[in-house]
Amino acid sequence: WNILPGAAKAETLAVNLTIHVNPDRTVRSVQITDTARYSSDAFFRAAADNAIRAIQHPDCTPLDLPPDKYKMWKEITLNFDPGSMF
């Protein structure tokens, strides 16, 4: 995941995603938690779209999860936080 260069206040663009995963560890769906901010903030929308692309990238599937613990990871919330990158 990469934050866009030059994004205003990039350190504040933390994106939370809810990911639904199939039993074969492939991603079924991804939802952005903060839909209001997604609709109103172009920089946040770009960061969120980049996070979604990272989750759906072919190199990231199947996810590296223990196959025998599906009930634990069938729904995952991930926080993409560029603040921890600075």
Closest contact, heavy atoms only, [X] versus [Y]:
X: Val21; Y: Arg28; answer: O-NH2, 3.3 Å
X: Phe44; Y: Asp34; answer: CE2-O, 3.7 Å
X: Arg25; Y: Asp64; answer: NH1-CA, 4.5 Å
X: Ala54; Y: Cys60; answer: O-SG, 3.5 Å

- prompt: About how many Å separate CG of Leu17 and CD1 of Ile55, when rounded to the nearest 0.5 Å?
  reply: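 One finds 6.0 Å between CD1 of Ile55 and CG of Leu17.
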task: Can you measure from CG (Asn16) to OG1 (Thr18) and round to the nearest 0.5 angstrom?
output: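 Answer rounded to 0.5 Å: 7.5 Å.
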For residues 72-80, dump all side-chain donor-acceptor pairs below 3.5 Å to protein atoms at least two apart in sequence or in another chain.
from  : atom 1 : to    : atom 2 : distance (Å)
Trp73 : NE1    : Pro66 : O      : 2.8
Trp73 : NE1    : Lys69 : O      : 3.1
Glu75 : OE1    : His20 : NE2    : 3.0

Going by the rule side-chain hydrogen bond (donor to acceptor under 3.5 Å, both in side chains), which residues pair with [X] if we only count those two or more places apart in sequence or in a different chain?
X: Asp24; value: Thr26
X: Tyr70; value: none
X: Arg45; value: none

message: Checking Arg37 now: which residues fulfil salt bridge (Lys or Arg N to Asp or Glu O under 4.0 Å) with it, not counting sequence neighbours?
response: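 Counting only residues at least two positions away or on another chain, Arg37 forms a salt bridge (Lys or Arg N to Asp or Glu O under 4.0 Å) with Asp41.
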- prompt: Is Asp68 atom CG crowded by more than 12 heavy atoms from other residues, nucleotides or ligands, each under 6.0 Å away?
  reply: yes
Result of checking Leu63, Ile52, Thr61 against Val27 for side-chain contact (heavy atoms from CB on, under 4.5 Å): Leu63
